[in-house]
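Letters A, B, ... are given to chains in the order of the sequence lines, protein chains preceding strands, and every chain is numbered from 1.
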Amino acid sequence: MKKCIACGMPMTSRSEFAMGDTSKDYCRHCMRPDGSMQSFAEKLTSMTEFIVRTQGLDASVAERSAKAMLRELPAWEHYFDHGS
Amino acid sequence: MNKVSGKRQLQKTATREHILNTALAVYAEHGFSASTNVIAQEARLAHGTVFVHFPTREDMLQRTLERFASELGDKLHELSETEDDLKNFLYTHIDILTKYEHLYKNIITELSSLPPAATTSLIAVQSIASHHFGNVIANCAGRYAVKPIPLHMLFNIWMALLHYYLLNSELFAPGRSVLNSRRDELVNSYMELIRN
């Protein structure tokens with residue numbers, strides 16, 4: 001099973017892939033309206049909002065957690081290469 | 001990859017899986033203070049072999065929690081694609097947590113003393129569960145209405161109920177699985193509370 005490189009979501013059906021294209025490595029939630037993959041800053045914002053919407057956590061806690069989650073994903077490895 | 005190195009790689013993966021599964025069982029039974037030495041003994045492996053795969057205790061802990069979080073997330077994801085009955089979704093959520101009941105209880109009990117990565121894993125899995133919870137509520141909109149309460153509160157109330165019973169399991173189901181013993185009461189009462 002393929003997992004989105006930008007958020008880790010399993011992509012089991014065609015509709016979950018960006019643009020419905022199963023050759024893509026990212027999902028529809030991590031895509032911009034033009035079909036390209038969101039930037040790190042965009043993903044950090046959307047992931048933070050996702051955590052707040054689903055659990056109601058404090059925004060600063062949500063952002064810190066989102067950053068820690070992105071650190072583990074292949075699309076963003078290079079953002080953390082220097083321990084930042 | 002030649003035949004020999006391919007076989008080695010398979011063995012390496014199998015050993016890593018075996019260590020992770022053993023760690024899940026050990027953390028469930030003894031809590032997260034269990035040392036990697038105990039895990040090595042239970043896995044019948046040399047301590048050094050465990051260290052090759054998981055260089056630090058934190059690494060072992062993080063990968064074990066990720067395994068749990070990933071299994072829970074994948075199952076709920078699969079279910080939310082097809083499920084249009086919140087009740088069935090809640091039963092499945094309880095059933096998955098029942099499988100990991102001791103481990104999960106230890107996570108919520110010991111969370112403040114665990115490395116930050118443990119909190120991250122728990123936050124990730126709860127957000128995923130809540131997201132799918134919201135999808136199923138949307139799917140069942142034609143069949144019954146849910147009170148106009150924000151998603152995070154609907155989800156947090158459900159989790160608060162489960163956590164209260166888990167933390168007081170000896171009062172509600174001594175020596176047994178509290179989630180399994182009380183599943184009907186928990187699901188039915190929650191449904192009554194949120195239905196409009």
Side-chain angles (χ1 to χ4, degrees), chain A residues 1-18 20 22 24-31 38 40 42-77 79-80 83-84, chain B residues 58-59 61-83 89 93 108 111-112 114-139 149-160 162-163:
Chain A
M1 176 181 45
K2 222 166 168 182
K3 288 200 174 194
C4 172
I5 59 167
C7 75
M9 186 185 93
M11 298 186 289
T12 49
S13 63
R14 178 178 287 273
S15 65
E16 289 173 327
F17 286 80
T22 53
K24 292 262 196 294
D25 294 320
Y26 53 97
C27 74
R28 62 190 163 100
H29 304 293
C30 294
M31 143 192 129
Q38 290 178 352
F40 178 76
E42 287 165 337
K43 195 63 232 169
L44 181 60
T45 303
S46 65
M47 184 80 99
T48 302
E49 287 169 355
F50 175 70
I51 295 170
V52 171
R53 184 173 61 80
T54 48
Q55 294 184 74
L57 301 190
D58 177 84
S60 66
V61 175
E63 189 184 279
R64 196 167 62 234
S65 306
K67 213 176 251 182
M69 288 170 204
L70 295 185
R71 179 186 281 268
E72 298 294 321
L73 293 160
W76 317 116
E77 273 167 356
Y79 280 88
F80 299 99
S84 56
Chain B
E58 283 69 26
D59 189 45
L61 199 66
Q62 186 178 350
R63 301 303 158 203
T64 310
L65 292 175
E66 277 172 10
R67 162 61 60 88
F68 157 71
S70 167
E71 186 173 335
L72 180 64
D74 290 354
K75 283 200 173 143
L76 293 180
H77 178 88
E78 199 183 305
L79 187 71
S80 78
E81 288 296 295
T82 52
E83 190 56 66
F89 182 84
H93 191 206
I108 59 175
L111 194 61
S112 60
L114 296 177
T119 305
T120 303
S121 289
L122 188 65
I123 290 176
V125 79
Q126 304 297 38
S127 263
I128 291 165
S130 175
H131 170 68
H132 294 313
F133 190 84
N135 282 350
V136 177
I137 288 175
N139 291 348
I149 298 170
L151 173 64
H152 71 274
M153 285 308 293
L154 282 172
F155 181 72
N156 289 351
I157 292 166
W158 169 243
M159 292 313 299
L162 297 189
H163 285 191

Most heavy-atom pairs under 4.5 angstrom with chain A, which of B:I128, B:L154, B:L151?
B:L151

How far apart are the C-alpha atoms of B:F89 and B:H132, what are their side-chain angles, what is the distance that settles it, and do they pass the ring pair (Phe, Tyr, Trp, His ring centres under 6.0 Å) test?
CA-CA 9 Å; B:F89 182 84; B:H132 294 313; 7.2 Å; no

Segment of B:E78 engaging chain A (4.5 angstrom heavy-atom cut-off)
neither

Return the minimal non-hydrogen interatomic distance between B:L76 and B:H93, and the atom names on each side.
CD1-CD2, 4.1 Å

Nearest heavy-atom contact between A:Q55 and B:H152 is C-CB, 3.4 Å

If one checks every heavy atom of A:S13 against chain B at 4.5 Å, the contacting part turns out to be side chain

Tell me the closest heavy-atom pair linking B:S127 and A:T54, and the distance in Å.
OG-OG1, 2.7 Å

Write down the atom of A:E63, the atom of A:L44, and the distance for their closest heavy-atom approach.
O-CD1, 4.0 Å

Please classify the contact between A:M1 and chain B as side chain, backbone, both or neither, with a heavy-atom cut-off of under 4.5 Å.
side chain

Please classify the contact of B:H131 with chain A as side chain, backbone, both or neither, using a heavy-atom distance under 4.5 Å.
both

